[in-house]
2 protein chains.
Amino acid sequence: MLRTNLDFLSFIERFCREIESENISLKSFKPGYRLIEQGDKISNIYIIKEGISKCFISEENGKDFIIEFLGKGEVVGELEALKKIDCLCNVAAISEVTAYVIPDHVFLSLIQKSSEFTTILLQELSTRIIQTSTRASFQQLYTVEYALLKLLQLQANESISLSKDDMAAYLGISVRSFNRSLKQLIEKGNQDRPEFKNMLQTANIKKLVDRLK
Amino acid sequence: MLRTNLDFLSFIERFCREIESENISLKSFKPGYRLIEQGDKISNIYIIKEGISKCFISEENGKDFIIEFLGKGEVVGELEALKKIDCLCNVAAISEVTAYVIPDHVFLSLIQKSSEFTTILLQELSTRIIQTSTRASFQQLYTVEYALLKLLQLQANESISLSKDDMAAYLGISVRSFNRSLKQLIEKGNQDRPEFKNMLQTANIKKLVDRLK
DNA sequence: TTCTCGCCGAGACAAATGTCCTTTTTTATG
DNA sequence: CATAAAAAAGGACATTTGTCTCGGCGAGAA
């Protein structure tokens with residue numbers, strides 16, 4: 001859910017040290033700032049060095065769907081560079097974010113020149129397909145309650161905690177539904193539903209739930 | 001929705017002609033046959049030469065979710081080869097399917113040796129991410145009715161017609177809901193809802209709807 | 001022709017979800 | 001500390017969706 005790719009990051013950091021010029025820069029963004037706006041044309045790709053951002057689609061009916069949360073080493077804008085298309089998602093910083101800004105021609109030439117880089121990129125794209133497909137299936141076919149439980153576990157594992165709005169947008173539901181499901185989950189945890197109780201007893205998840213009240 | 005990739009197909013056909021040996025074979029599969037079973041280990045990738053198949057995840061609660069329909073030039077098993085993992089989807093032939101069967105080591109060495117091939121593969125993976133993400137967002141945030149309408153349009157464009165079961169599995173809903181939504185759509189088409197009427201008047205879509213009664 | 005089996009569609013009901021609006025809580029400010 | 005303003009939570013209702021079930025219809029066998 002919070003994707004990271006340390007291979008990518010270390011490759012790029014090495015590359016930057018070697019080839020100083022090449023107009024690669026490191027920029028910082030305040031929480032909430034939109035690195036990328038859906039529909040824009042861009043000519044850079046970004047690789048996150050620090051912080052967490054969210055990648056989300058805004059539909060015409062006014063609703064947002066969060067595709068993924070991006071952490072260290074995740075790349076953004078590469079699909080647009082590869083396929084020469086306008087941005088299909090928004091990307092916004094959640095925490096303070098610093099990222100390498102790389103002109104797309106540098107990115108594309110890296111693919112040509114470095115098979116190591118290409119390998120890392122192929123791995124990254126594969127991972128995305130797997131995660132996106134798996135999640136789409138899970139969220140379509142299971143109840144919100146299960147999806148929410150899974151989302152809490154993921155956050156506990158990654159030691160992050162998202163806002164309610166973001167969680168609802170990730171689950172593709174309204175905040176109202178989110179609140180309802182959360183309440184039900186807590187009730188079931190206090191009763192003796194084994195599936196729920198065990199998971200909700202975990203210290204990390206308890207903390208998360210407490211914060212949400 | 002029905003993905004195809006003619007670049008991929010023509011590359012592979014050329015490659016087969018050049019390097020006869022290499023134990024690449026061409027196999028045929030009857031409708032319904034499962035080329036790939038979720039959870040299996042495989043050591044081949046498949047490239048579809050003819051016919052249509054469906055790629056779907058079977059969840060533990062017994063429900064299926066169709067990730068995509070695959071036509072000419074689509075590749076299957078490449079994620080498993082790239083990431084050395086067990087199969088994450090089932091793939092089943094819908095019509096009679098013929099496909100090139102390529103040992104994964106041949107596939108992997110092609111990536112090393114041919115930058116043309118790698119480019120095609122990068123394009124393919126990018127397309128998948130885009131389509132999967134876009135669809136997940138759309139299906140989560142719009143009503144089933146809209147998703148169904150879109151699905152009918154897609155089928156009309158591609159000149160294919162799917163079974164009700166498959167359409168429901170693609171939309172991630174029960175057949176009961178599918179029937180209900182279809183009925184409502186038809187009613188709205190007969191009344192004067194401009195958004196629906198116009199689309200449902202298209203000859204191709206009419207045919208599809210008629211077939212579904 | 002008639003009977004049976006199996007499939008498909010739809011009714012009835014329960015559960016889940018969204019929307020709208022009121023109530024409660026939090027935050028900011030004098 | 002008091003009060004107003006803003007944000008979050010939750011109730012009520014309508015709509016959507018899933019499950020279970022029954023009844024109709026057609027294909028095939030006697």
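Numbers restart at 1 for each chain; the letters A, B, ... are given by sequence-line order, proteins then strands.
Here the closest non-hydrogen pair linking Glu80(A) and Asp86(A) is CG-O, 3.8 Å. The minimum heavy-atom distance linking Glu96(B) with Ser28(B) is given by the pair OE2-CB, 3.9 Å.
Between the P atom of dA8(D) and the CG atom of Leu182(A) lies a distance of 15 Å, rounded to the nearest Å. The nearest whole Å value for the distance from the CZ atom in Phe178(A) to the P atom in dA7(D) is 19 Å. Regarding Glu187(B), its CD atom lies at a distance of 11 Å from the P atom of dA10(C), rounded to whole Å. Between Asn61(A) atom CG and dG18(C) atom C1' the separation is 12 Å, expressed in whole Å. The interatomic distance linking Asn179(B) (CG) with dC22(D) (C1') rounds to 16 Å, in whole Å. Atom CD1 of Ile186(A) is separated from atom C1' of dG10(D) by 14 Å (rounded to the nearest Å).
For the pair Lys54(A) and Phe56(A), the cation-pi criterion (under 6.0 Å, within 45° of the ring axis) is fulfilled.
A salt bridge is defined here as a Lys NZ or Arg NE, NH1 or NH2 lying under 4.0 Å from an Asp or Glu carboxylate O, and Arg128(B) with Glu124(B) meets this definition. One finds a salt bridge joining Glu13(A) and Lys49(A) here, because a Lys/Arg side-chain nitrogen approaches an Asp/Glu carboxylate oxygen to under 4.0 Å.
In Lys83(B), the NZ atom is crowded: over 12 heavy atoms of neighbouring residues, nucleotides or ligands sit closer than 6.0 Å. Within a 6.0 Å radius of CZ in Phe138(B), more than 12 heavy atoms belonging to other residues, nucleotides or ligands are found.
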Can you give me the N/O atom pairs linking the protein to nucleotides 11-17 of chain C at distances under 3.5 Å, or say none if there are none?
from, atom 1, to, atom 2, distance (Å)
dG11(C), N7, Arg176(B), NH2, 3.0
dG11(C), O6, Arg176(B), NE, 3.1

Extract from the structure each pairing of a protein N or O with an N or O of nucleotides 26-28 of chain C at less than 3.5 Å, listing the distance.
none

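Each of Gln140(A) and Lys164(A) has a nearest nucleotide on DNA chain D; the 5'-most of these lies closest to Lys164(A).
For an aromatic pair to be called close, the ring centres must be under 6.0 Å apart, and Phe117(A) with Phe11(A) satisfies this.
Residue Lys63(B) has no polar side-chain atom (N or O) positioned under 4.0 Å from OP1 or OP2 of dT17(D).
Residues Ile130(A) and Leu88(B) form a side-chain contact, since some pair of their non-hydrogen atoms from C-beta on lies under 4.5 Å apart.
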